[in-house]
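Sequence lines set the chain letters: A, B, ... in the order given, protein chains first and strands last, and positions in each chain run from 1.
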Amino acid sequence: MEIDKVYEPQRFEPAWAQWWIDSGIFRAQPQNPGRRFSLVIPPPNVTGVLHMGHMLEHTEIDVTVRWHRMRGDNTLWLPGTDHAGIATQMVVERQLSAEGLNRRDMGREAFEERVWNWKYESGGTIKKQMIRLGASCDWSRERFTLDEGLSRAVRETFVRLYEKGLLYRGEYIINWCPDCHTALSDLEVVHEETQGSLWHIAYPVNGTSERLVVATTRPETMLGDTAVAIHPKDPRYTHLHGKTVRLPLMERDISIILDDMADPKFGTGVVKVTPAHDPNDFEAGRRHNLPIIQVIDQSAKMTPAAGPYAGLDRFEARKKVVAALQEAGLLVKIEAHNLSIGKCQRSRTVVEPLVSKQWFVKTKPLAEPAIRVVEDGRIQFIPDNWSKTYFEWMYNIRDWCISRQLWWGHRIPAWYCSQCSEVTVARETPQECAHCGCGALTQDPDVLDTWFSSGLWPFSTLGWPDQTEDLQAYYPTTLLITGFDILFFWVARMVMLGIECMGDVPFRQVYIHGLVRDADKQKMSKTKGNVVDPLEVTEKYGTDAVRLSLLLGAAPGTDIVLTEERMESARAFANKMWNASRLIFMNMERSGVGAWLPPASESWRPEALPDSLAVPLEDRWISSRLNQCTEQVNRAIEQYRYHEAAQTLWHFFWHEFCDWYLEIKKLRFEEGSGLNEHWRNLLTVYETFLRLLHPVMPFLTEELWQRLAKGIEDRPISIAIAPYPQFKAEASDDVAEHEMSVLQAIITTARELRSDVKADPKQTLDGVLVARQAVSELVRGQLSALEKLSRMKLELRFSAGDPVEGVTRSEAEFDLIARVSPEQADAQRGRLEKEIEQLEKVIANSSRQLGDEKFLSRAPAHVVDGIRLKLADYEAQLSKNREALSQ
RNA sequence: GGGCGCGUAGCUCAGUUGGUUAGAGCGCCUGCUUCACACGCAGGAGGUCACAGGUUCGAGUCCUGUCGCGCCCACCA
């Protein structure tokens with residue numbers, strides 16, 4: 001059989017496997033309990049995978065499940081959100097394939113350049129310019145969206161919310177990005193701590209000689225001031241209430257208002273009020289019916305209302321304003337001041353609060369039931385503390401600005417009548433105004449926030465608003481796995497919209513995994529350049545190895561550190577898997593064992609050898625261990641403790657199956673008796689383990705399983721649809737586990753002994769094994785295995801007998817004596833002394849506890865008994881060691 | 001300002017309801033190319049679990065405080 005000595009994933013992982021590191025184990029489960037945790041990997045005929053945006057754009061490799069389904073065109077489709085980036089990439093990928101190219105061959109940079117060019121050519125920039133010129137735009141933007149079904153769902157939702165009065169269009173102050181030329185939701189604004197200044201400006205009070213000094217971080221906005229505010233109880237200023245001040249530079253009289261917004265302890269206690277350019281001031285303006293004067297426009301240039309400063313950039317205007325104030329002697333002082341300024345998440349431009357007409361969702365009525373379902377436990381967060389974060393946000397939620405002035409996205413299904421100015425909201429393009437009946441309708445040029453449509457994902461992907469079979473079967477789904485970075489953006493909105501549109505929660509549990517971070521624990525980001533490219537590392541280490549290292553790091557509540565070292569060690573495990581399999585396959589060939597699979601539905605209880613009717617100890621042992629492993633893995637997966645599952649699998653295979661079981665089986669094959677039964681037992685365990693490991697390493701296990709099962713008819717087409725191993729109480733074998741642990745102890749002791757006396761590795765040592773009565777049968781039966789694995793020629797005794805020259809090591813069940821020269825024996829003393837020291841320590845510890853009345857009376861019996869037993873062990877061993885040392 | 005979390009071996013981290021000599025991977029040291037695997041095998045060193053109190057028969061684990069670090073949210077001009 002030709003199998004490479006070193007694991008080379010490229011040889012058997014299909015090209016699309018590289019896209020596949022983040023699913024399989026993590027999936028939403030259909031409600032049908034019979035199909036719980038059926039593992040899915042794509043059948044062999046799948047030729048391409050379109051992946052979620054986070055892989056391509058953000059390159060945060062989150063270990064995420066996404067419910068997916070097959071499309072008729074042989075493409076595995078992971079329905080994601082409708083980010084324009086994905087849509088664009090999909091279009092470009094199609095173009096490439098028409099040209100006989102693919103993105104992997106052309107490399108990441110070339111591909112991204114091409115994506116960018118296409119975006120550019122297709123109108124992104126043109127649209128921007130058109131907006132700047134004030135032209136209307138009639139682009140059919142929906143051509144960029146992924147799915148007509150989703151567009152329908154979006155329109156349906158919009159209309160429903162509108163009809164229920166949960167949507168409104170209003171003039172409010174919103175976050176505006178002057179570079180992207182669009183409104184942003186609060187969440188899309190990132191705050192950055194910046195060193196700024198606090199300018200103190202004097203406003204002369206009319207009719208007095210007094211001046212009110214205001215403190216501001218944005219002096220240029222003073223051009224749009226329509227009031228100054230003082231605290232109603234601030235004794236310094238209350239006498240000025242009712243008077244007006246003269247707004248410097250603009251020479252406009254504005255009123256003095258009383259408002260809580262002015263904090264007497266901050267600055268001078270006087271606040272300038274610019275309703276057009278500050279959210280706080282906007283609210284204050286509403287309260288006091290102040291006029292709104294917009295002095296900065298959508299491109300962050302000063303408007304004609306700014307008088308002499310019109311046309312200037314806002315930062316330029318700031319300098320000029322400050323200079324003019326200085327000249328007028330109205331600039332009292334400038335203080336250094338740290339403030340956090342809002343920047344656009346996408347373009348990093350400083351956000352300008354602007355008053356404009358936008359669509360908003362009333363979120364309070366949506367948030368209330370969304371809070372309740374988490375309180376009631378109908379949705380459960382894992383780890384649970386995320387629900388606190390969720391509540392925190394939900395309780396303080398503010399209305400959600402959903403209109404965007406971007407060139408892609410779902411267009412808002414609202415039309416404005418040029419006759420009566422009323423709004424018509426409709427699922428399909430209306431022919432006439434719903435209010436006056438005229439036909440002069442213009443559709444709202446804006447599109448919806450991408451998270452609006454993303455929030456519909458749990459049911460829009462299932463065919464909603466149609467009542468499809470999918471919807472019946474899969475909504476609500478059981479589990480969502482995601483990163484906390486989109487808890488508010490996405491998860492919270494799915495919950496709100498799911499309850500609103502479907503009347504039920506979209507999922508029962510939300511598993512929040514950590515973010516993947518680099519070796520320095522930094523969040524991966526393109527700008528930092530610390531991105532681990534999944535394509536590169538899967539190419540280098542293999543998909544399964546990358547996946548395994550992600551899983552090993554995926555402890556709940558912690559971030560996942562992805563380093564080359566971890567991936568190397570995961571690859572080493574894959575290689576171990578590969579080579580152990582090689583050993584098995586080569587020996588199968590040698591023994592003339594053909595393809596073979598155990599009956600999948602049956603227990604893996606090992607079979608007896610015909611000659612003795614005895615079941616080989618190693619088979620009973622490994623079966624019991626595998627059963628334990630199965631239980632632990634199943635439980636770990638159920639509890640989302642993936643790192644534990646992966647580690648358990650690792651330990652079982654490497655340190656039990658390979659280190660002990662295969663080593664013993666190799667000896668059996670040398671002996672050459674009862675081969676069929678040995679094979680049957682070995683392959684049963686091996687095959688079961690492949691199935692157990694499959695969700696963690698889908699490709700490797702599929703490959704090995706297919707080789708094992710080659711030529712067998714009437715079997716599952718893939719390991720993926722073979723049943724997942726389950727714990728079987730009757731498969732536990734405590735006797736075998738104990739007996740095996742004795743054998744392991746003897747062999748380990750022998751190896752330590754060899755090492756201590758610096759025995760030549762090639763030399764077989766002579767020795768005596770004194771076994772206690774309880775294990776006499778065992779060691780007699782397993783003598784040849786003991787001798788080979790310990791490289792000792794052992795004389796078996798069941799009582800001390802004649803004294804033996806050499807070094808002695810003792811355990812509860814046996815003494816092991818190696819015949820060595822006195823010089824070699826001396827080398828052993830160090831270990832004995834150290835062991836004695838340790839034993840004395842733990843004995844003192846245990847004795848102290850057992851002598852403590854309070855401990856005896858209050859500790860549970862099993863703890864006390866456990867310590868008693870241990871103490872007896874320690875003492876026995878201590879005396880043996882002292883004896884050995886005194887020889 | 002509010003909220004969440006972290007500090008355990010040189011490094012990266014596990015440690016489930018408090019209980020018997022605190023674990024893993026990587027790295028390090030010694031020996032070994034033994035015909036599955038040097039991406040390996042065998043053996044080994046290395047931790048007063050950030051610090052200080054408290055609860056308890058018993059604390060890495062629970063409570064309080066201190067120090068150090070990280071993240072999220074927030075309209076202090």
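Checked for salt-bridge contact, Asp852(A) and Lys854(A) miss the test: no charged N lies under 4.0 Å from a carboxylate O.
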Every protein N/O lying under 3.5 Å from an N/O of nucleotides 30-34 of chain B:
{"from": "U33(B)", "atom 1": "OP1", "to": "Lys762(A)", "atom 2": "NZ", "distance (Å)": "3.4"}

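Rounded to the nearest Å, the gap between the P atom of G27(B) and that of A36(B) is 25 Å. Across the C1' atoms, G2(B) and U48(B) are found 37 Å apart, a figure rounded to whole Å. With C1' as the reference atom, G7(B) and G60(B) are 12 Å apart, rounded to whole Å.
For Thr216(A), the side-chain atoms get nearest to A77(B) when compared with the rest of A36(B), A42(B), A77(B).
Every residue was checked against the ring-ring contact (aromatic ring centres under 6.0 Å, His included) condition with Tyr237(A), not counting sequence neighbours, and none meets it. Considering only residues two or more places apart in sequence or on other chains, Glu335(A) meets the salt bridge (Lys or Arg N to Asp or Glu O under 4.0 Å) condition with Lys333(A).
Both Lys666(A) and Leu198(A) lie near RNA chain B, and the one whose nearest nucleotide falls closer to the 5' end is Lys666(A).
Aromatic ring pairs are classed by plane angle as parallel below 30°, tilted from 30° to 60° and perpendicular above 60°; the pair Phe488(A) and Trp393(A) is parallel.
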For this session: Summarise protein proximity over nucleotides 19-25 of chain B in one line of letters, 5' to 3': B for base, S for sugar-phosphate only, - for none, counting protein heavy atoms closer than 4.0 Å.
Result: BBB--SS

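The side chain of Lys272(A) contributes no N or O atom lying less than 4.0 Å from OP1 or OP2 of A77(B).
The stretch residues 387-394 of chain A comes close to RNA chain B through Lys388(A), Glu392(A), each having a heavy atom under 4.0 Å from the strand.
Counting only Watson-Crick or G-U wobble pairs whose defining distances are both under 3.5 Å, the stems of 3 or more consecutive pairs in RNA chain B are B:1-7 with B:67-73, B:10-13 with B:23-26, B:28-32 with B:40-44, B:50-54 with B:62-66.
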